Amino acid sequence: MIIACEVGFWVLLALGLAARYLLNRRRTGAALLLCEPLLELVLFVVTAVDLRNGAEPTWQHGLAALYIGWTVAYGHYTVRRLDGHAAHRLVGAPRPPKPPRHGMPRARHEAGLWLRTLLAAAVACALLQAAIRYVSDGDTSSLRAFQWVALRVAGIHGLIAITYLIWPKKAPPQRSPPQRSPPQRSPPQRSPPGTQRTSPTSLLAVRARMKSRSDSRLR
C-alpha cells in the first residue's frame, strides 16, 4: 500500500498537469491535484485497520507514518514547484524563480526547508505515538525506532541548515566588462590654398593646368 500510494502520488500529479496544460481542462486538472491528500488518508486508514485487526507493529507501519509526514510537509511544495515548471514549458509562462544560492537569502531558504522537515517529523512522531498507545499490549519497539529516525533526520537537517547561517556562501565576484579605448581621430586635412573642403575636385585640376600655363608663359 505504501508503494501504491507513492506511485499514485506521481501518477495523479502527471495526470493533473497534463489535463491542466495539455488538454486545457483547468478544473479537471485541479480536481486531480486535489485528490493527492486522499492517498495519505487511505494509507492512514489501512494502517489503522491493520493494527486494529491484531497485526504486530512492524517497520512497514513506521514507514507509512514517515511517508504521511513527508507528504503533509512537502506535498504542496512539490506540486507547486512542478506546476510552475509545467506552465513554463507547456504554455510559455514565465520561468519560476530559482532558489537563492548565496548569502542570507540562501540561509532563509534552507531554514524554510528545515521547518518543513520539522513538520514532517512532528506529524510522523504523532502518528507513531498514537499507534503505540493503540497497541500498548504488543511489541512497539519498531514504532519507537522510527520515532528516533524522524527526530534524527530533523536534527541532521537542522545542523546542515544552520551552517548556511554561520558560514553564508559568498557569491562569486562579478567580472567587469573590458574597457574599450576611445577611437583615435585622424588629424584634420587642410585644403589646398584657394580652395575649401567643399570645393569640387575638378577645380583642383583646372588650377593645376592654369599654373602650368603661367609657368610656360613666364619662361
Side-chain angles (χ1 to χ4, degrees), residues 2-3 5-14 16-17 20-21 29-30 32-44 47 59-91 93-133 142-175:
I2 296 173
I3 296 175
C5 288
E6 176 67 16
V7 173
F9 176 85
W10 295 105
V11 169
L12 282 178
L13 180 58
L17 296 178
R20 189 178 178 89
Y21 297 111
L32 290 172
L33 294 177
L34 290 176
C35 290
E36 297 281 4
L38 295 179
L39 297 174
E40 286 67 49
L41 181 60
V42 170
L43 182 60
F44 177 76
T47 304
W59 64 270
Q60 289 93 340
H61 300 93
L63 184 60
L66 291 183
Y67 174 75
I68 294 174
W70 177 87
T71 310
V72 170
Y74 283 94
H76 178 69
Y77 175 80
T78 305
V79 171
R80 185 181 60 185
R81 293 289 299 175
L82 293 180
D83 182 71
H85 286 286
H88 169 66
R89 293 184 177 274
L90 299 178
V91 297
R95 181 186 295 273
K98 294 183 178 180
R101 301 180 59 184
H102 309 99
M104 293 304 298
R106 175 65 182 272
R108 287 191 291 268
H109 175 72
E110 294 295 333
L113 293 181
W114 175 71
L115 290 177
R116 292 183 180 277
T117 302
L118 191 62
L119 175 62
V123 171
C125 288
L127 293 177
L128 290 170
Q129 187 64 32
I132 290 172
R133 291 186 177 182
S142 60
L143 300 181
R144 295 189 182 279
F146 270 93
Q147 282 184 324
W148 285 111
V149 169
L151 294 176
R152 282 198 298 268
V153 170
I156 293 173
H157 192 181
L159 292 177
I160 295 174
I162 203 173
T163 57
Y164 290 94
L165 180 63
I166 300 176
W167 300 287
K169 190 176 180 181
K170 297 182 179 180
Q174 297 181 355
R175 297 181 179 180

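Note that the structure is a prediction, hence the values are computed from the model and not measured. Quick note: residue numbers are just sequence positions, from 1.
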Answer with yes or no whether the side chains of Thr117 and His157 bring together a donor and an acceptor at under 3.5 Å.
yes
Trp114 side chain to Glu110 side chain, donor-acceptor N/O pair below 3.5 angstrom:
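Note: Trp114 and Glu110 side chains miss the donor-acceptor criterion.
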At what distance, to the nearest 0.5 angstrom, does [atom1] of [X] lie from [atom2] of [Y]?
X      : Y      : atom1 : atom2 : result
Ser142 : Leu63  : OG    : CG    : 11.5 Å
Thr78  : Asp83  : OG1   : CG    : 12.0 Å
Ile68  : Leu41  : CD1   : CG    : 8.5 Å
Ile166 : Leu159 : CD1   : CG    : 9.0 Å
Phe146 : Ile132 : CZ    : CD1   : 12.0 Å
Ile156 : Leu151 : CD1   : CG    : 11.0 Å

Side chain to side chain contact (heavy atoms under 4.5 Å, CB included) evaluation trace for Glu40 with Tyr67:
CA-CA 8 Å; Glu40 286 67 49; Tyr67 174 75; 3.6 Å; yes
If you look at every heavy atom in [X] and [Y], which pair is closest and at what distance?
X      : Y      : answer
Gly62  : Leu128 : CA-CD2, 3.7 Å
Pro100 : His109 : CG-CB, 4.0 Å
Leu118 : Ala154 : CD1-CB, 4.3 Å
Arg81  : Pro97  : NH1-O, 3.1 Å
Ala64  : Ile2   : N-CD1, 3.7 Å

Does atom CD1 of Ile162 have more than 12 heavy-atom neighbours, drawn from other residues, nucleotides or ligands, at distances under 6.0 Å?
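Count not over threshold, so no.
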Would you indicate whether Arg80, at its atom CZ, is surrounded by more than 12 heavy atoms from other residues, nucleotides or ligands within a distance under 6.0 Å?
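Above 12, so yes.
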Any pair counted as side-chain hydrogen bond (donor to acceptor under 3.5 Å, both in side chains), so long as it reaches residues 145-156, sequence neighbours left out:
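Every pair satisfying side-chain hydrogen bond (donor to acceptor under 3.5 Å, both in side chains) with a residue in residues 145-156: Gln129-Gln147.
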Within-4.5 Å side-chain heavy-atom neighbours: [X] and [Y]:
X      : Y      : answer
Trp59  : Leu143 : no
Cys5   : Glu36  : no
Leu119 : Leu115 : no
Pro168 : Arg106 : no
Trp10  : Leu82  : yes

If you apply the rule side chain to side chain contact (heavy atoms under 4.5 Å, CB included), what do you find for Met104 with Leu165, and how did you get there?
CA-CA 7 Å; Met104 293 304 298; Leu165 180 63; 3.5 Å; yes
Could you walk me through whether Thr47 and Leu43 pass the side chain to side chain contact (heavy atoms under 4.5 Å, CB included) check?
CA-CA 6 Å; Thr47 304; Leu43 182 60; 4.2 Å; yes
Relative to each other, are the rings of Trp70 and Tyr74 parallel, tilted or perpendicular (30° and 60° limits)?
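Aromatic pair Trp70/Tyr74 classed parallel.
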Got a donor-acceptor contact below 3.5 angstrom from the His88 side chain to the Ala93 backbone?
yes
